[in-house]
2 protein chains.
Amino acid sequence: MSFQLPVQTVSRLCLIYRVLLGMDRETVLSSAKLGKLVNIPAHTIRKDLSVAGKVKSSNAGYKAGELLDFINGLFNFGAPLRVCVAGIGLLGSSFIKNPVQEGGQFIIVAGFDTNINKIEVMKSDVPLFPAYEMADRIREMRIDLGIIAVPAQAAEMTMQRMKEGGIKGILNFSPAILGDKDIAVRNVHFAEELRFLTAMIPDLEKGV
Amino acid sequence: MSFQLPVQTVSRLCLIYRVLLGMDRETVLSSAKLGKLVNIPAHTIRKDLSVAGKVKSSNAGYKAGELLDFINGLFNFGAPLRVCVAGIGLLGSSFIKNPVQEGGQFIIVAGFDTNINKIEVMKSDVPLFPAYEMADRIREMRIDLGIIAVPAQAAEMTMQRMKEGGIKGILNFSPAILGDKDIAVRNVHFAEELRFLTAMIPDLEKGV
DNA sequence: CCTCGGTTGTGAAATTTTTCACAAGTAATA
DNA sequence: TATTACTTGTGAAAAATTTCACAACCGAGG
């Protein structure tokens, strides 16, 4: 369960989980084949699985389905989670309009925005609410996770509202850097991904 | 320069760079204050700066502007880079419509899509081209970086086209996992960020 | 039943990364 | 100039993570 697996191991297992989702359960994969698919050395994969527990295998490798169930059991990925989105801009509405298809693991159940007009005008299957109702709605709808897609200056307050509603984890796409000791927060920033990328390219000659 | 700084250090320096960008150059920051802003322990920041080189400081800390210049010099973040976007869906067009404002570091100069209709209908300041022209356009426009926002099945081919055009780095938002030995590739997957988040929450009780 | 060609699982070594502790520096103030 | 109250920078210790190497396992085919 959660006897503190190394963070990197968790991250790799998530990656593996993803490719397994899109694969026939009967497929048999060696650690080497799997490694090619996710760009991870075979021995690292074996070590990860070894540290995480005991997974069934044969002399040909692992069955996709069994591996999937194993990771599933580890993190309980099977159970669906309720997710809300704060900020109905271009990015926020992209989550609402094309909900993530990950074996139904995540269900977007509500959207919030300070702009009442937007809420009324936008048509969506997902119910939309004004931002000030956030804490209450999160509580009454028993929402587990929040996606923040608001401008930087509103990010901190949005997080507070989500916390107040009792949310367990936040994925923050705003430019603000959020963090909290009580709940899990993950910051994702596009420009920064680009920047990190360029920092990793050794001989990038920059033109105009 | 690029005498292989630890990956994590690079990542943290990018984060620091981000907060510095939105700050008065004259602000003086101690490693502790800076640490609070980015959720990194003070000693880690000092160590990072120390392995990266020699940055000016006083008994009160670092001047934002000088720190910025230092990181800048390290990775040459000052020079603008030309970026293109493949796939003009909801996500792709969000890059084209609200270009990242990061001190003009990234300039979106072209968009590509297989759907010719979309290209003709959509109005945008950024020129849009059919996907099959990708390699040629990238070459002639001297584009440095590519953002992939196409469906999974088109991702691999898109990467090949970008490589063919001579691109240096790719930020991949498609569900496919891309990797290449010649160019830098970074995969970003929203559902997976959510999944990782939940995996890190120890006592997440999952309801319906 | 033995061997061959493949695989996993894992202790131990190697490496990387973080943390710690503290000498040394600096400005301000008396 | 001496003192105080901050700071940085960094070698060395500690911890975390990855890599390695190889015993053990498995199934198929003589």
Side-chain angles (χ1 to χ4, degrees), chain A residues 2-16 20 26-71 73-74 179 181 196 199-200 202, chain B residues 2-16 20 23 26-71 73-74 179 196 199-200 202:
Chain A
S2 64
F3 47 90
Q4 272 340 33
L5 244 38
V7 177
Q8 319 261 51
T9 293
V10 174
S11 158
R12 282 187 298 259
L13 289 175
C14 288
L15 194 63
I16 291 170
L20 293 175
E26 295 305 311
T27 317
V28 175
L29 289 158
S30 66
S31 57
K33 281 209 204 77
L34 192 49
K36 284 239 184 58
L37 294 176
V38 290
N39 293 323
I40 298 172
H43 52 78
T44 303
I45 292 182
R46 291 205 303 278
K47 182 54 127 182
D48 283 342
L49 294 175
S50 157
V51 179
K54 193 126 223 69
V55 57
K56 229 181 121 208
S57 70
S58 76
N59 69 327
Y62 312 91
K63 261 224 194 84
E66 279 161 5
L67 208 42
L68 204 61
D69 294 343
F70 173 74
I71 299 177
L74 220 47
K181 61 181 176 11
F196 178 78
M200 298 301 283
Chain B
S2 65
F3 47 89
Q4 267 345 31
L5 243 36
V7 176
Q8 319 261 51
T9 293
V10 173
S11 159
R12 282 188 297 258
L13 289 175
C14 288
L15 194 63
I16 290 171
L20 292 175
M23 200 170 260
E26 294 305 312
T27 316
V28 175
L29 290 158
S30 66
S31 56
K33 283 212 204 75
L34 193 49
K36 284 236 184 63
L37 294 176
V38 292
N39 293 323
I40 298 171
H43 52 76
T44 304
I45 291 182
R46 289 205 303 279
K47 181 55 125 184
D48 283 342
L49 293 175
S50 159
V51 284
K54 192 127 221 70
V55 57
K56 225 180 126 211
S57 71
S58 76
N59 70 326
Y62 312 91
K63 264 227 194 80
E66 278 160 4
L67 208 41
L68 205 61
D69 294 342
F70 173 74
I71 299 177
L74 221 46
F196 177 78
M200 298 301 283

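Residue numbering restarts at 1 for every chain, and letters A, B, ... go by the order of the sequence lines.
- Between B:Lys33 and A:Asn59, it is B:Lys33 whose nearest contact on DNA chain D lies nearer the 5' terminus.
- Applying the 4.0 Å criterion to OP1 and OP2 of C:dT26, one finds that B:Ser58 has every side-chain N and O outside that range.
- Distance, B:Phe70 CZ to D:dG9 P: 9 Å, rounded to whole Å.
- The side chain of B:Lys47 has C:dT19 as its nearest neighbour among D:dC20, C:dT19, D:dT17.
- Residue B:Gln8 contributes atom CD, which lies 14 Å from atom C1' of D:dA15 at whole-angstrom precision.
- Of the candidates D:dT19, D:dT18, C:dG6, D:dT18 carries the atom nearest the A:Arg12 side chain, counting heavy atoms from C-beta on.
- Atom pair B:His43:NE2 and D:dA15:P shows a separation of 13 Å (rounding to whole Å applied).
- Minimum interatomic distance between A:Ala199 and B:Cys14 (heavy atoms only, all atoms of both residues): CB-SG, 4.3 Å.
- For the pair B:Ile40 CD1 and C:dT17 C1', the interatomic distance rounds to 14 Å; values are reported in whole Å.
- B:Thr9 has no side-chain polar atom (N or O) that falls below the 4.0 Å cut-off from OP1 or OP2 of C:dT17.
- Between the C1' atom of D:dG9 and the CG atom of B:Leu34 lies a distance of 16 Å, rounded to the nearest Å.
- Whole-Å rounding puts the B:Lys56 NZ to D:dT7 C1' distance at 15 Å.
- Between A:Ser31 and C:dT8, a side-chain N or O to OP1/OP2 separation shorter than 4.0 Å is present.
- Taking every side-chain heavy atom of A:Ser57 into account, C:dG9 is the closest of D:dT18, C:dG9, D:dT10.
- Residues A:Tyr62 and A:Lys33 are not in side-chain contact: their nearest non-hydrogen atoms beyond the backbone lie 4.5 Å or more apart.
- A straight line from NZ of B:Lys63 to C1' of D:dT7 spans 15 Å, rounded to a whole angstrom.
- Closest to the side chain of A:Lys54, from the set D:dG9, C:dG9, C:dT19, is C:dG9.
- Checking each of A:Leu13, A:Leu34, A:Thr44 against A:Leu49 for a side chain to side chain contact (heavy atoms under 4.5 Å, CB included) leaves exactly one that passes, namely A:Leu13.
- At a threshold of 4.0 angstrom between heavy atoms, the contacts of B:Val55 are confined to the sugar-phosphate backbone, with no base atom among them.
- When side chains are defined from C-beta on, B:Ile16 does not count as touching B:Leu37, because their heavy atoms never get closer than 4.5 Å.
- One finds a side-chain N or O of B:Thr44 lying less than 4.0 angstrom from the OP1 or OP2 phosphate oxygen of C:dT19.
- Here the C1' atom of nucleotide D:dT7 and the CG atom of B:Leu49 are 14 Å apart, to the nearest Å.
- Considering only heavy atoms from C-beta on, B:Ile45 comes within 4.5 Å of B:Val38 through its side chain.
- Contact annotation: A:Arg46 side-chain N/O to D:dT18 OP1/OP2 distance is not under 4.0 Å.
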